[in-house]
Engineer: 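Got a structure here, written out as structure tokens. Questions coming.
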Amino acid sequence: MEMAGFRSGIVTIIGAPNVGKSTLLNAIMGTKLAIVTPKPQTTRNRILGVKNVPQGQLVFLDTPGIHMPRTKLNHYMMQAVTEALSDPQVVLYMTDVSRAPYPDLAFLQRTVGHLKLPIFWVLNKIDLIERQQLLPLIAGYADREAFAEILPLAARQGEGVEHLLTYVLQHMPEGPRYFPDDIPTDRDERFFIAELIREQAMLRTHEEVPYAIAVDVESVQERHDGSVEIDAAFLVEKDSQKGILVGQHGRMIKELGIHAREAITRLLHCPVHLRLIVRVKKNWREHEATLRDLGFKDI
Ligand SMILES: Nc1nc2c(ncn2[C@@H]2O[C@H](COP(=O)(O)OP(=O)(O)O)[C@@H](O)[C@H]2O)c(=O)[nH]1
Ligand SMILES: [Mg+2]
């Protein structure tokens, strides 16, 4: 039995691509669950982080940025958002103060209007504006009463994150501990390994290429010496993309492999051997069976 007054529930983070949703999840968790790049649509799945605090348990859901689905992959990405909105107790709606600070109320009405639950307006990236601009910016927004709380923060610096946790907890109902204390997420190691590899590829490629890349972790084997051997394949859609990812004399794939290996070593806390190959799979983003293999499915 939990102590009296134990609070718990689901907190869904939504907002436009690139406002800093995944960065906030990582800041809350104090560890890297979601990959972050300067490119929109980096997050493709719903990512769950369980934050245990002395008075409760908060289950955060990071979501892909809201956008119009153009491919089947995008369609699944938007389904992940819908799923994350099926049963939250609090919604964190994030905007970027340095770019488009004000909420899109029509959008909120459409997506969460029917839920009748507290919505926080989280203004992220306050490090990018002058401090004295912040209050007038918030005061200049007429529909403030649409929000249960208005919280400015800088997710990348971790500034305001403790504050946010305090407020979220106040809005949580009494409830059980949904996850054991030592289970921080619902995805397996393989998922995070694939994501860390994809992050390095996304950081180093441009235009359409980062969006045409998927990573399939084909095997993860522990060796007797305590190290781990990983085989992973990049999927791309065209030969030209394969050329870019491999790079001249294999330089690109070698370089990103080094960085991915370091990141995976931090994740697994043991030496890692990483073998990467690139496969061309025409139109994989529209290919139902491939998407299913990669873990995207109808809900
Ligand atoms: N300056 C600044 N940049 C941030 C902050 N939070 C996130 N970013 C950057 O914004 C970009 C998008 O972040 P990400 O978390 O991937 O956004 P998402 O698409 O909403 O998940 C990345 O380059 C982050 O480093 C912040 O508080 N301040
Ligand atoms: Mg993200």
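The basis for the numbers below is simple: all heavy atoms, side chains too, and nothing from hydrogens, waters or symmetry mates. Note that the structure is predicted; figures quoted are calculated from it, not measured. Here, residue 1 is the first one in the sequence, and each next residue gets the next number. One-based numbering, in listed order, for ligands and for the atoms of each.
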Engineer: Considering only non-hydrogen protein atoms, determine which one is nearest to atom 6 (N) of ligand 1 and report residue, atom name and distance to 0.1 Å.
Structural biologist: N124 ND2, 3.2 Å
Engineer: Could you tell me whether E222 atom CD has more than 12 heavy atoms of other residues or ligands within 6.0 Å of it?
Structural biologist: no
Engineer: Can you confirm whether more than 12 heavy atoms, excluding those of E162, are under 6.0 Å from its CD atom?
Structural biologist: no
Engineer: Can you pull out the closest protein heavy atom to atom 19 (O) of ligand 1? Residue, atom name and distance to 0.1 Å, please.
Structural biologist: N18 N, 2.8 Å
Engineer: What protein atoms of element N, O or S are positioned under 2.8 Å from the Mg ion (ligand 2)?
Structural biologist: S22 OG, T43 OG1
Engineer: Run down the list R156, E199, M202, E159 and name the one with the heavy atom closest to atom 3 (N) of ligand 1.
Structural biologist: R156
Engineer: Measure from the side-chain N and O atoms of S227 to the backbone N and O of R223, and report whether any donor-acceptor pair falls under 3.5 Å.
Structural biologist: no
Engineer: With backbone taken as N, CA, C and O and side chain as the heavy atoms from C-beta onward, which portion of Q41 lies under 4.0 Å from ligand 1: side chain, backbone, both, or neither?
Structural biologist: neither
Engineer: Do me a favour and list the nearest non-hydrogen protein atom to atom 8 (N) of ligand 1 with residue, atom name and distance?
Structural biologist: K125 CE, 3.7 Å
Engineer: Between L128 and ligand 1, which part of the residue brings a heavy atom under 4.0 Å of the ligand: side chain, backbone, both or neither?
Structural biologist: side chain
Engineer: Donor-acceptor check, side chain of Q57 to backbone of F179, threshold 3.5 angstrom: yes or no?
Structural biologist: yes
Engineer: Within ligand 1, which atoms have a heavy atom of G20 less than 4.0 Å away?
Structural biologist: 7 (C), 13 (O), 14 (P), 15 (O), 17 (O), 18 (P), 20 (O)
Engineer: May I ask whether T42 places a heavy atom under 4.0 Å from ligand 1?
Structural biologist: no
Engineer: Of all the heavy-atom pairs spanning P101 and W121, show the shortest one and how long it is.
Structural biologist: O-CZ2, 3.2 Å
Engineer: Answer yes or no: are there more than 12 heavy-atom neighbours, outside H163 itself, under 6.0 Å from its atom NE2?
Structural biologist: no
Engineer: Main chain of I47, side chain of N45: is a donor-acceptor contact present, judged purely on distance under 3.5 Å?
Structural biologist: no
Engineer: Do me a favour and list the nearest non-hydrogen protein atom to atom 27 (O) of ligand 1 with residue, atom name and distance?
Structural biologist: A155 N, 2.9 Å
Engineer: Using heavy-atom distances only, which candidate in G160, P64, P38, P17 approaches atom 23 (O) of ligand 1 most closely?
Structural biologist: P38
Engineer: To which protein heavy atom is atom 28 (N) of ligand 1 closest, and what is the distance rounded to 0.1 Å?
Structural biologist: D127 OD1, 2.8 Å
Engineer: Does T37 approach ligand 1 within less than 4.0 angstrom via side chain, backbone, both or neither, non-hydrogen atoms only?
Structural biologist: backbone
Engineer: Can you give me every donor-acceptor pair (side chain of residues 193-207, partner residue at least two apart or in another chain, under 3.5 Å) with its distance?
Structural biologist:
residue : atom : partner : partner atom : Å
E195    : OE1  : R198    : NH2          : 3.1
E195    : OE2  : R198    : NE           : 3.1
E195    : OE2  : R198    : NH2          : 3.1
R198    : NH1  : T42     : O            : 3.1
R198    : NH2  : T42     : O            : 2.8
E199    : OE1  : K32     : NZ           : 2.6
E199    : OE2  : K32     : NZ           : 2.9
E199    : OE2  : V36     : N            : 3.0
Q200    : OE1  : R204    : NH1          : 2.6
R204    : NH1  : Q200    : O            : 3.2
R204    : NH2  : H259    : ND1          : 3.0
T205    : OG1  : A201    : O            : 2.7

Engineer: Do R285 side-chain atoms and Y211 backbone N/O form a donor-acceptor pair below 3.5 Å?
Structural biologist: yes
Engineer: Any salt bridge between R46 and D186, counting N to O under 4.0 Å?
Structural biologist: yes
Engineer: Taking T71's backbone N and O only, do any of them form a donor-acceptor pair with N74's side chain (distance below 3.5 Å, no angle check)?
Structural biologist: yes
Engineer: Distance to 0.1 Å, residue and atom name: give those for the protein heavy atom nearest to atom 14 (P) of ligand 1.
Structural biologist: T23 OG1, 3.6 Å
Engineer: Please identify which atoms of ligand 1 are closer than 4.0 Å to at least one heavy atom of A154.
Structural biologist: 27 (O)
Engineer: Linking I/L/V/M/F/W/Y whenever any side-chain heavy atoms sit under 4.5 Å apart, do L61 and L151 land together?
Structural biologist: no
Engineer: Are more than 12 heavy atoms from other residues, nucleotides or ligands located less than 6.0 Å from atom CZ of R144?
Structural biologist: yes
